[in-house]
Amino acid sequence: MSPCETIETEVLIAGGGGAGTRAAIEAAEQGAKVLLVNKGPLARSGLTTMAGGGVAAVMGDHPEDSPRSHFEDTIKRGHYLGDQNLVEVLTEEAPARLQELEGFGAKGPPHPLLHKTGHSHPRGLFLKGHRIMTALKEWASCHADNLTIWEDALLTRLLTAGGQVAGAVAFDMREGKTFVIKAKAVIVATGGLGELFPYTTNAPHGIAGDSTGSGVAQACAIGAKLVDMEFIQFYPAIGLFPPILRNVHLNLEIATSLLGGTLRNAQGEAFLEEFVKRGVMVRDVSTRLAYEEIKGGRGTEHGGLYWDAGMSADLSMEEIVRKVSEEYGQGGILSTGRRLKAIGHSLAEPLEFRCGAHFACGGIQISEKTETNIPGLYAAGEATGGIHGANRLAGNAVPDLLVFGKRAGENAAAYARSSSQQAIDESEVRKENERIFGYLEGKPNGISVKEIRRDLQQVVDDCLGPSRNGPSLVSAAAHIQGLNDGLPRIQVANVKEFNITWVRAIETPHMLALAEVIARSSLLRTESRGNHQREDYPRPDNRRWLRHTVAQLKDDDLEMTTTPVVITRLEPPWE
Ligand SMILES: Cc1cc2nc3c(=O)[nH]c(=O)nc-3n(C[C@H](O)[C@H](O)[C@H](O)COP(=O)(O)OP(=O)(O)OC[C@H]3O[C@@H](n4cnc5c(N)ncnc54)[C@H](O)[C@@H]3O)c2cc1C
């Protein structure tokens with residue numbers, strides 16, 4: 001086993017997407033010594049880089065718009081489950097957070113204000129994720145004196161002492177070595193968990209690795225509360241067939257309203273027509289209706305539905321791209337178009353799509369200061385819960401990561417200034433080292449990571465998709481727990497440098513832990529609301545369920561409870 005070197009910092013950040021990088025900048029500006037550890041290269045990994053361009057914030061261009069209106073849209077589309085104190089912060093501070101990025105070059109192409117589905121007014125910017133990340137990277141480089149960025153490394157286990165954060169174990173992929181990082185404050189900004197699902201927008205083109213939820217699972221392992229983990233937002237349409245389109249997300253509004261296409265089931269019947277006529281595709285509702293077609297036995301042989309291009313089938317790909325670009329700026333249709341062109345697929349043949357996991361609405365519970373229930377532990381971005389409620393409004397994730405990323409950096413730095421470094425528990429470090437290097441050892445009944453992940457994704461797809469029911473959730477939770485038995489048998493090739501399969505092995509227990517939390521949270525919520533639909537409880541139950549589910553590990557057992565939603569301004573319908 002490799003020896004474990006020790007590194008010291010004041011603020012340690014897990015994850016260098018938008019939330020983590022914004023947090024790092026702020027903590028460094030406050031004078032803290034900051035170490036940001038990111039699983040991939042900065043601005044070339046994570047979901048922020050992939051964000052399509054819709055960024056919701058009231059930028060003062062629409063006379064009737066206001067942060068209050070943005071607040072109300074967010075609460076209502078989240079089915080009254082967003083904590084209103086957090087949503088106030090989000091909607092009030094988003095414009096300032098976007099404006100300050102402009103100074104570092106984050107400008108979109110000139111484009112009219114976007115009127116995204118679910119918003120009362122056209123609002124926000126068209127600003128692609130890679131521009132945001134490039135600007136944040138540029139800004140972060142101004143703080144090289146006290147901000148260190150460590151790429152191709154990940155945190156594998158958070159460490160506490162006396163219930164307080166003490167640091168973490170980190171794994172360097174380039175060398176295949178572990179390190180102990182001593183830190184007074186830790187910020188978890190590790191993004192989403194879409195890769196628990198076989199179909200997801202979070203792992204485009206089948207390349208997996210960033211969105212495993214590993215930071216959230218590590219926070220859970222030290223006792224942090226996770227809220228509303230049952231709310232997985234599914235994107236109604238991601239490519240299924242031809243295989244080159246797998247997991248590429250298709251914009252249904254573009255596909256139907258703009259290009260005049262039709263959505264059909266395998267029997268050739270059009271569906272979602274009402275939405276198409278109105279030109280809106282609210283994600284939770286369109287996902288549910290599309291999923292019901294498939295579940296009702298009207299899906300294609302590949303398990304999806306058809307997008308029939310109709311009139312647009314006669315247009316060349318160049319014409320389609322021009323049309324879409326005029327309406328939506330540089331649209332993501334480019335990637336779909338290039339792929340189809342590469343395999344000589346004509347739009348005269350229908351494409352197949354299905355829904356895929358897109359965004360985790362639940363996550364680590366935070367206060368307005370991004371504090372968790374563990375002293376010294378902060379969280380920001382998609383890793384957190386309680387902001388988006390039961391359904392995230394389009395364009396709200398980017399403002400979330402900027403607003404709460406800044407707050408996390410500021411508050412973690414303040415905490416680090418006023419606290420002392422906790423002692424590291426060497427036995428915890430030893431256990432983690434044994435776990436990590438144990439995967440390289442030969443075993444009589446060794447199994448591959450692939451096998452265990454395939455089983456996990458199967459049960460997650462079967463039982464934790466857009467439509468759920470009690471008996472299958474019970475069996476999913478039991479099945480996932482059973483998969484833990486296979487963990488000690490995982491065996492990977494004994495290669496230390498850049499062994500991605502080894503990294504996958506290291507994160508697999510984190511994924512199993514989160515899948516179990518999702519199953520147990522889904523079981524606890526005996527109602528249907530937003531992204532959580534129960535066949536056996538088909539209606540919302542406002543009297544009992546205007547509450548968050550809470551999962552917390554206590555004495556190695558997952559305790560499931562509930563807590564009321566924070567209401568400040570907008571009274572929910574209680575009946
Ligand atoms: C295809 C797509 C399009 C989208 N379009 C939009 C849009 O138009 N508008 C909008 O508002 N939102 C959009 N979203 C959602 C939005 O992009 C994400 O919610 C947001 O970027 C998440 O930011 P984050 O900083 O929390 O996480 P990320 O940007 O995913 O960053 C997390 C980082 O943490 C790293 N990491 C993970 N685990 C560890 C670990 N254990 N140790 C160290 N590092 C780790 C990852 O490698 C990653 O780099 C889109 C999402 C997708 C998938």
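In what follows, residues are counted from 1 in the order of the sequence shown. As the structure lists them, so they are numbered: ligands from 1, and atoms in each ligand from 1. Note that this is a predicted model, so its numbers are computed, not measured.
If you take SG on Cys220 and CG on Leu226, they are separated by 4.5 Å, rounding to the nearest 0.5 Å. Atom CD1 in Ile238 sits 13.0 Å away from atom CD in Glu352 (nearest 0.5 Å).
The distance between the ring centers of Phe359 and His388 falls below 6.0 angstrom. For Trp307 and Phe353, the distance between ring centers is not under 6.0 angstrom.
The nearest protein atom to atom 23 (O) of ligand 1, hydrogens excluded, is given as Thr48 OG1, 3.1 Å; this is a heavy-atom distance. Taking atom 34 (O) of ligand 1 as the reference point, the nearest protein heavy-atom neighbour is Gly15 CA, 3.2 Å. At the top of the distance list for atom 50 (C) of ligand 1, counting protein heavy atoms only, stands His358 CE1, 3.9 Å. Atom 7 (C) of ligand 1 has Gly54 O, 3.5 Å as its closest protein atom, hydrogens excluded (heavy atom only). The protein non-hydrogen atom at the shortest distance from atom 16 (C) of ligand 1 is Ala397 CB, 3.8 Å. Ranking the protein heavy atoms by distance from atom 38 (N) of ligand 1 puts Lys39 CE, 3.2 Å first. Protein heavy atom closest to atom 14 (N) of ligand 1, with residue, atom name and distance, is Arg392 NH2, 3.9 Å. Protein heavy atom closest to atom 43 (C) of ligand 1, with residue, atom name and distance, is Val37 O, 3.3 Å.
The side-chain tip of Arg174 does not point at the ring of Phe498 from less than 6.0 angstrom away and within 45° of straight on.
Contact check for Val429 versus Cys4: side-chain heavy atoms found under the 4.5 Å cut-off. The shortest side-chain heavy-atom distance between Met59 and Arg123 does not fall under the 4.5 Å cut-off.
Residue-ligand proximity: Met133 is placed with every non-hydrogen atom at 4.0 Å or more from ligand 1. In this structure, Arg22 has no heavy atom closer than 4.0 Å to ligand 1. Within the structure, ligand 1 lacks Lys128 among the residues with a heavy atom less than 4.0 angstrom away.
The contact set between ligand 1 and Asn202, taken as ligand atoms under 4.0 Å from a residue heavy atom, comprises 53 (C). Using a 4.0 Å cut-off to heavy atoms of Asn38, the atoms of ligand 1 that qualify are 33 (C), 34 (O), 35 (C), 44 (N), 46 (C), 47 (O), 48 (C), 49 (O). Within the listing of ligand 1, atoms 26 (O) sit less than 4.0 angstrom from a heavy atom of Gly381. Listed by number with element, the atoms of ligand 1 under 4.0 Å from a non-hydrogen atom of Phe359 are 19 (O). Residue-ligand proximity, Gln218 to ligand 1, at heavy-atom distances under 4.0 Å covers atoms 41 (N). Annotation for ligand 1: atoms under 4.0 Å from non-hydrogen atoms of Gly18 are 25 (O), 29 (O).
When heavy-atom distances to ligand 1 are checked against a 4.0 Å cut-off, Ala189 comes that close only through its backbone atoms N, CA, C and O. In Gln233, neither the side chain nor the backbone holds a heavy atom less than 4.0 Å from any atom of ligand 1. Under 4.0 angstrom from ligand 1, the non-hydrogen atoms of Asn396 all belong to its backbone. Only side-chain heavy atoms of Leu401 come within less than 4.0 Å of ligand 1; its backbone N, CA, C and O stay farther off.
Of the polar atoms of Leu154, none of the N or O atoms is found under 3.5 Å from an N or O of ligand 1, judged by distance alone. Residue Ala19 has at least one N or O atom closer than 3.5 Å to an N or O atom of ligand 1. Remark: ligand 1 and Val398 share an N or O pair separated by less than 3.5 Å (distance only, no angle test). No N or O atom of Glu507 sits closer than 3.5 Å to an N or O atom of ligand 1. Taking any N or O of Ser214, backbone or side chain, at least one lies under 3.5 Å from an N or O belonging to ligand 1. Looking at ligand 1, you'll find an N or O of Glu382 within less than 3.5 Å of one of its N or O atoms. Not one N or O of Ala14 is nearer than 3.5 Å to an N or O of ligand 1, by distance alone.
Side-chain atoms of Arg453 and Thr508 form a donor-acceptor pair, as typed in the model, at a separation below 3.5 Å.
Within the set Thr201, Thr384, Thr49, the minimum heavy-atom distance to atom 53 (C) of ligand 1 is found for Thr201. When the options Gly52, Ala23, Ser45 are ranked by their closest heavy atom to atom 5 (N) of ligand 1, first place goes to Gly52. Residue Leu47 holds the heavy atom nearest to atom 17 (O) of ligand 1 of all those in Leu158, Leu47, Thr21.
Minimum heavy-atom separation, Ala408 to Ala379: CB-O, 4.4 Å. Scanning both residues, Ala168 and Leu155, for their nearest heavy atoms gives CB-CD1, 3.8 Å. A pairwise comparison of heavy atoms in Tyr439 and Leu487 identifies CE2-O, 3.9 Å as the closest pair. Ile13 and Ala23 make their closest contact through CD1-C, 3.9 Å (heavy atoms, listed as atom of the first residue, atom of the second, distance).
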Salt bridge (charged side-chain N to carboxylate O under 4.0 Å, His left out) between Glu72 and Arg77, worked out: CA-CA 8 Å; Glu72 290 194 5; Arg77 294 297 183 188; over 6 Å; no
Quick one: do Phe179 and Asp172 satisfy side-chain contact (heavy atoms from CB on, under 4.5 Å)? Show the steps, please. CA-CA 8 Å; Phe179 294 80; Asp172 181 283; 3.7 Å; yes
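Ring pair Phe197/Phe234 is perpendicular by interplanar angle, where above 60° counts as perpendicular and below 30° as parallel.
Glu497 contributes no side-chain N or O that, together with a main-chain N or O of Glu175, makes up a donor-acceptor pair within less than 3.5 Å. With Trp502 contributing its side chain and Ile436 its backbone, the two residues share a donor-acceptor pair below 3.5 Å. Formation of a donor-acceptor pair under 3.5 Å by the Thr21 side chain with backbone atoms of Gly16 is found in this model.
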